[in-house]
Amino acid sequence: MTVMEQRGAYRPSPPPAWQPRTDPAPLLPDAAPYRVLGTEAAAQADPALLRRLHTELVRGRRYNTQATALTKQGRLAVYPSSTGQEACEVAAALALEDRDWLFPSYRDTLAVVARGVDPVEALTLLRGDWHTGYDPHAHRVAPLSTPLATQLPHAVGLAHAARLKGDDVVALAMVGDGGTSEGDFHEALNFAAVWQAPVVFLVQNNGFAISVPLAKQTAAPTLAHKAVGYGMPGRLVDGNDAAAVHEVLSEAVRHARAGGGPTLVEAVTYRMEAHTNADDDKRYRGDSEVYAWRDHDPVQLLERELTARGLLDEDGVRAARDAAEAFAADLRARMNQDPVLDPADLFAHVYAEPTPQLREQRAQLDAELAAEQEGAH
Amino acid sequence: MTVMEQRGAYRPSPPPAWQPRTDPAPLLPDAAPYRVLGTEAAAQADPALLRRLHTELVRGRRYNTQATALTKQGRLAVYPSSTGQEACEVAAALALEDRDWLFPSYRDTLAVVARGVDPVEALTLLRGDWHTGYDPHAHRVAPLSTPLATQLPHAVGLAHAARLKGDDVVALAMVGDGGTSEGDFHEALNFAAVWQAPVVFLVQNNGFAISVPLAKQTAAPTLAHKAVGYGMPGRLVDGNDAAAVHEVLSEAVRHARAGGGPTLVEAVTYRMEAHTNADDDKRYRGDSEVYAWRDHDPVQLLERELTARGLLDEDGVRAARDAAEAFAADLRARMNQDPVLDPADLFAHVYAEPTPQLREQRAQLDAELAAEQEGAH
Amino acid sequence: MTTVAVKPATMAQALTRALRDAMAADPAVHVLGEDVGTLGGVFRVTDGLAKEFGDDRCTDTPLAEAGILGTAVGMAMYGLRPVVEMQFDAFAYPAFEQLISHVSRMRNRTRGAMPLPITVRVPYGGGIGGVEHHSDSSEAYYMATPGLHVVTPATVADAYGLLRAAIASDDPVVFLEPKRLYWSKDAWNPEEPGTVEPIGRAVVRRSGRSATLITYGPSVPVCLEAAEAARAEGWDLEVVDLRSLVPFDDETVCSSVRRTGRAVVVHESGGFGGPGGEIAARVTERCFHHLEAPVLRVAGFDIPYPPPMLERHHLPGVDRILDAVARLQWEAES
Amino acid sequence: MTTVAVKPATMAQALTRALRDAMAADPAVHVLGEDVGTLGGVFRVTDGLAKEFGDDRCTDTPLAEAGILGTAVGMAMYGLRPVVEMQFDAFAYPAFEQLISHVSRMRNRTRGAMPLPITVRVPYGGGIGGVEHHSDSSEAYYMATPGLHVVTPATVADAYGLLRAAIASDDPVVFLEPKRLYWSKDAWNPEEPGTVEPIGRAVVRRSGRSATLITYGPSVPVCLEAAEAARAEGWDLEVVDLRSLVPFDDETVCSSVRRTGRAVVVHESGGFGGPGGEIAARVTERCFHHLEAPVLRVAGFDIPYPPPMLERHHLPGVDRILDAVARLQWEAES
Ligand SMILES: Cc1ncc(C[n+]2csc(CCOP(=O)(O)OP(=O)(O)O)c2C)c(N)n1
Ligand SMILES: Cc1ncc(C[n+]2csc(CCOP(=O)(O)OP(=O)(O)O)c2C)c(N)n1
Ligand SMILES: [Mg+2]
Ligand SMILES: [Mg+2]
């Protein structure tokens with residue numbers, strides 16, 4: 001039986017035999033984002049998991065502030081901060097098994113770091129010494145994708161290939177609210193649903209695509225409502241509630257791993273900083289909106305819950321902060337070292353074997369550099 | 001007030017203020033395709049309209065068989081027949097006012113003809129003498145689009161422009177089931193919904209994209225379910241029921257004209273012939289499937305209804321057939337004349353003014369043709 | 001042409017002014033793209049337009065480049081003159097099908113009945129420390145697409161004049177804006193912005209007798225610098241700024257090369273399959289017996305655009321240009 | 001190379017055989033595209049593969065070219081070797097962003113850690129009476145994109161050998177199939193299909209002393225015909241079939257031109273910004289003092305591909321090639 005044959009088919013016949021392929025009702029998202037923290041569902045949550053999420057969130061926040069600081073010191077060319085979105089970033093990484101794959105966008109270095117990649121390697125693209133600083137296969141993390149939504153079909157293809165090979169590997173792909181408008185978003189979700197590929201699409205709806213608010217991006221009831229049009233379930237979750245995001249993503253991953261096909265998850269969150277350090281968000285949004293979201297901060301939400309339930313005391317908070325500080329100090333120290341650059345890298349990896357033309361060009365650059373060197377003596 | 005400000009916005013706030021932008025329920029299609037013929041709704045239908053549709057359908061069927069015959073005689077390079085889909089083609093044309101615009105795909109020459117374009121002009125692309133044989137502005141019919149789904153954003157842009165200018169013009173754009181998988185489909189529907197552009201998207205779901213059946217194209221409950229993901233209504237209609245298609249399209253056109261925004265209409269129909277005369281459909285589908293659809297033929301469905309209700313007698317049927325034959329005879333006669341070709345056309349319309357380079361190239365071709373001419377003497 | 005220098009303005013400011021003047025002059029001119037409205041564009045080229053002309057004239061679109069260009073096609077069909085912004089060079093690629101299959105061909109397809117006066121603004125090129133996909137030189141793709149005009153300014157005055165001309169053109173124009181010249185300043189009087197340059201005319205930026213540097217856009221200032229430096233070596237270099245890649249000004253270029261007898265084409269774009277091949281080939285076809293040496297090319301390497309910290313090795317600089325000039329067989333070996 | 005001629009086979013059959021052999025030899029090879037499965041492709045090149053290897057090895061995809069190539073990227077990341085079919089030249093354009101921004105750059109982006117062994121098959125060129133958008137020569141776009149190999153066969157044997165080599169390559173290869181040669185026949189033994197051609201080597205199809213015709217793909221038979229016709233005029237033309245546009249075989253081409261001293265580049269693609277510019281420029285750079293005349297180009301006009309009834313005026317034919325040869329300054333005017 002081929003992958004295609006495993007499911008029923010929407011192949012219309014003339015009436016009265018006609019019927020839709022699937023019942024749309026279970027594919028539609030709930031009217032309100034799913035929440036755990038501060039609700040009754042929190043009682044069911046695993047305390048160890050919540051504490052783990054807390055440690056990661058505190059570190060994640062510190063990572064964001066450190067990276068932003070590095071742009072001011074000229075140690076990073078640019079940084080798109082995920083401050084305010086740490087719950088999504090961390091939950092995305094933690095919902096996956098080791099053998100699974102993560103497909104991040106340029107804003108998702110925190111998810112990459114949370115998955116275990118050395119932050120210096122994760123930041124190479126944004127520092128400017130090389131496009132990708134880590135070995136994707138070593139960590140099962142695809143390169144950070146700059147062209148929006150283009151990473152989504154990659155995730156589908158990889159998950160499909162794994163399934164064909166009989167591996168129970170799931171791919172989780174991250175995209176922003178703006179990215180959902182791209183054709184690649186549509187094509188990826190459609191392929192995933194038709195192939196029943198084990199993929200989870202996580203849309204971080206942070207309210208903006210640079211300066212463009214969601215209302216100019218979509219007229220949909222929610223972005224999660226797009227799922228039904230592909231025949232996959234759509235889920236809406238409070239993106240600042242780490243426990244909720246983790247639960248919804250884990251469920252989607254389990255569902256995919258069990259052969260249930262893809263899920264579209266919309267996490268409603270907010271970008272607390274400007275688009276990048278180069279952006280000026282005063283041009284397009286007011287402080288009051290940002291302030292409103294401060295009361296719904298992902299780190300505080302979790303900390304409040306843990307404290308209220310006696311799962312975290314001041315020592316625990318301090319321990320998490322100390323670990324985060326140590327992490328930031330190490331990152332700072334290593335980012336303050338100049339990266340080692342090798343101009344030969346320009347030609348070495350364009351093809352498996354450099355073409356004759358590239359060999360000529362490399363020789364030309366070598367000669368120029370030698371002349372420069374000589375000139376310097 | 002700008003176009004953008006006319007609607008509410010899905011701009012998430014932190015809970016508990018959060019709410020989806022619109023109620024999704026009214027956007028979802030009914031579970032079964034809407035039908036008129038053979039149902040109680042038929043009693044409400046305007047007899048004059050039904051008769052008009054009948055005449056057009058009979059002519060449309062004859063047009064299809066004539067065009068296919070012309071391919072056998074080498075008078076058309078290729079013909080993608082709409083046999084079996086005449087109800088959609090005709091209804092699309094008739095649902096529009098004169099000032100509205102039609103955006104057809106390569107299969108929709110019948111809709112173009114039903115809108116009033118000379119069939120010889122409509123067939124130029126497929127005969128091979130020029131890409132577009134009619135003046136789009138004269139008929140408010142865009143050129144037949146070969147690259148799938150690419151005409152959809154054009155329709156959106158045109159409708160948006162008309163609205164900005166204060167004209168109450170609607171654009172109706174046609175696409176196949178296969179075309180819905182393209183990124184341009186997604187982007188067009190999204191722009192239309194965000195801009196509330198007066199567009200109607202008509203998907204003719206004829207079961208196949210060349211050889212690829214719908215089940216390999218989508219896993220959606222129906223294609224009409226895609227609408228909710230853009231925040232526009234989705235409607236499902238029996239595409240072989242001319243009265244139903246006309247009613248649903250007319251309603252969508254009225255809705256758009258009144259400022260209600262776009263609608264996605266899925267018409268469930270069937271491609272009775274091969275993809276084109278060059279295709280061999282025996283390779284991918286069995287006769288029994290085709291036979292099943294014969295009992296649901298759009299011309300017969302309408303004829304049966306009209307006859308049963310005493311709105312059409314044998315004379316009426318004969319009159320429609322005679323008119324169709326006369327139409328076909330005229331088409332045949334004119335298509336049997338060799339088109340007049342002018343090689344200078346190759347260079348004349350690339351730019352408003354030919355570039356110096358094109359002037360040189362034209363001179364070269366002129367010289368070659370003169371030499372040929374001389375050689376022939 | 002006869003602009004009165006008052007105070008220096010940046011190329012970005014001149015572009016903004018061109019858009020504003022075009023919008024004021026013709027209500028059919030509409031600007032659309034990602035972040036062009038409220039924000040004024042990531043390079044601030046559309047700054048203030050939405051405020052002055054309203055959101056319907058300068059529109060923040062959803063994030064989808066094929067959709068932006070595709071809807072612009074429809075707008076042009078209805079008589080508007082859309083000016084589309086692609087946020088960065090590499091982000092124009094999703095719109096290529098619309099550009100190649102429709103924008104460039106609609107007039108021809110309809111035997112002139114349906115022209116598309118669309119301007120596609122594309123910030124292009126490197127040298128600004130941009131991360132991957134933010135520094136491509138994509139002009140070869142546009143040049144290989146008949147039906148498009150391809151224009152690129154190198155000076156503040158040309159930025160104004162050429163953009164006005166592009167918007168006024170009844171044909172689609174790909175308007176390539178050299179990113180690293182956005183903040184370059186020139187004496188240019190925004191109060192008398194000058195006449196509209198005709199599209200298709202190159203200009204001699206510096207006269208010289210020894211050899212001709214043929215270049216455009218971001219490489220023009222580099223060539224002028226190289227020409228200055230070359231004086232020390234005894235070479236008097238002429239610098240031709242093409243301004244328009246399509247149509248190509250064979251006349252200006254060839255009359256220069258016929259005079260100097262030697263030429264180097266300089267651009268950032270990769271060499272192989274890049275604009276320089278076309279330029280060198282057509283100059284050679286037309287000036288063969290005037291050439292003392294083959295027309296040489298100084299171009300980016302045939303590699304994906306490098307990360308910021310390595311880009312200086314990739315970009316054609318003064319030294320590389322002078323090296324090429326030195327190889328122009330000053331004592332012909334024949 | 002050493003194929004034994006038994007009975008004639010078509011290029012389409014040789015391509016099918018290459019796919020089949022590659023799939024049999026390596027379970028990682030997967031074919032995907034529109035109508036490639038049950039139907040066997042609109043040109044029947046994938047005929048029988050789904051039946052023999054199953055739908056999971058030869059897959060009818062949804063109708064979306066960026067999706068096809070984009071998912072192929074993911075499949076290659078996981079160790080497969082996808083062979084993607086684009087149904088026609090112009091329908092590859094929607095996949096350009098994936099091709100330019102990802103396929104061509106992934107190896108480089110990851111410093112070699114993530115090669116993408118993807119073959120993108122593109123039927124290209126005209127001469128088959130196709131309606132609009134079915135006859136484009138799009139090779140200039142691919143040539144201008146570093147990181148891609150660009151290959152195109154002109155003979156039945158090469159179709160087999162080069163496609164095997166493309167699939168075996170650890171780099172992405174754009175494999176351009178000349179549509180109008182699909183049904184061309186050659187003596188070629190499908191039972192001994194021959195060895196795999198290395199990518200990057202041109203071949204001299206006909207030796208001659210007077211001048212070199214540099215060409216590829218659909219224009220190779222035309223050039224051979226022109227060379228035969230030229231004998232009547234006293235010209236003994238050499239014909240070089242490039243086979244690989246990237247990498248380019250400077251050695252074979254230049255050694256021919258150095259011998260003959262004259263050259264014409266012939267291709268269907270539009271002249272301006274087309275492959276011929278690059279070829280003429282690099283030959284001139286390398287062979288300047290051996291050239292008796294400028295390298296000339298015979299190419300399609302700089303226009304959108306014409307409708308079928310006018311295409312014969314557009315396509316480079318024997319006469320146009322001979323006219324160019326005649327302009328190679330046989331009595332040097334200097
Ligand atoms: C194809 C493409 N077009 C445009 C851009 C430029 N760009 C970078 S980020 C961005 C906004 C993205 O918004 P969203 O998807 O919501 O993600 P967020 O930045 O909010 O995380 C834009 C337009 C791009 N990177 N890729
Ligand atoms: C962008 C693009 N890709 C591929 C094709 C080739 N092609 C022509 S028709 C067709 C199938 C279209 O199916 P559908 O949209 O269902 O329309 P139908 O033919 O059934 O009317 C394909 C793949 C094309 N014309 N355009
Ligand atoms: Mg966002
Ligand atoms: Mg169909």
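In what follows, chains carry the letters A, B, and so on, assigned in the order in which the sequence lines appear, proteins first and then strands, with residues in each chain numbered from 1. Nothing here was measured: the structure is a model prediction, and the numbers come from that model.
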Quiz item: Is chain A contacted by the side chain of Phe301(C), its backbone, both, or neither, given a heavy-atom distance below 4.5 Å?
Solution: both
Quiz prompt | Heavy-atom proximity to chain C below 4.5 Å, by part of Val212(A) | solution = both
Practice problem: Go through the atoms of Leu346(A) and report whether side chain, backbone, both or neither lie under 4.5 Å from a heavy atom of chain C. | Solution: both
Practice problem: Below 4.5 Å from any heavy atom of chain A, which atoms of His313(C) appear? Answer side chain, backbone, both or neither. | Solution: both
Quiz item: Could Asp35(C) and Lys216(A) be called an ion pair, given the rule that one side-chain N must be under 4.0 Å from one carboxylate O?
Solution: no
Quiz item: For Glu311(C), is it the side chain, the backbone, both, or neither that has a heavy atom closer than 4.5 Å to a heavy atom of chain A?
Solution: neither
Quiz item: So what's closer than 4.5 Å to chain C heavy atoms on Arg362(A): side chain, backbone, both or neither?
Solution: neither
Practice problem: State whether the side chain of Glu132(C) and the backbone N or O of Thr146(A) hold a donor-acceptor pair below 3.5 Å, judged by distance alone. | Solution: no
Quiz item: Which one of Val131(C), Thr61(C), Ile303(C), Asp319(C) has the most heavy-atom pairs closer than 4.5 Å to chain A?
Solution: Ile303(C)
Quiz item: Should we count CZ of Arg283(A) as having more than 12 external heavy atoms under 6.0 Å?
Solution: yes
Practice problem: Give a yes or no on whether a salt bridge exists between Glu368(A) and Arg312(C), defined as a side-chain N under 4.0 angstrom from a carboxylate O. | Solution: no
Self-check item: Gln217(A) side chain vs Leu63(C) backbone, donor-acceptor pair below 3.5 Å
Solution: yes
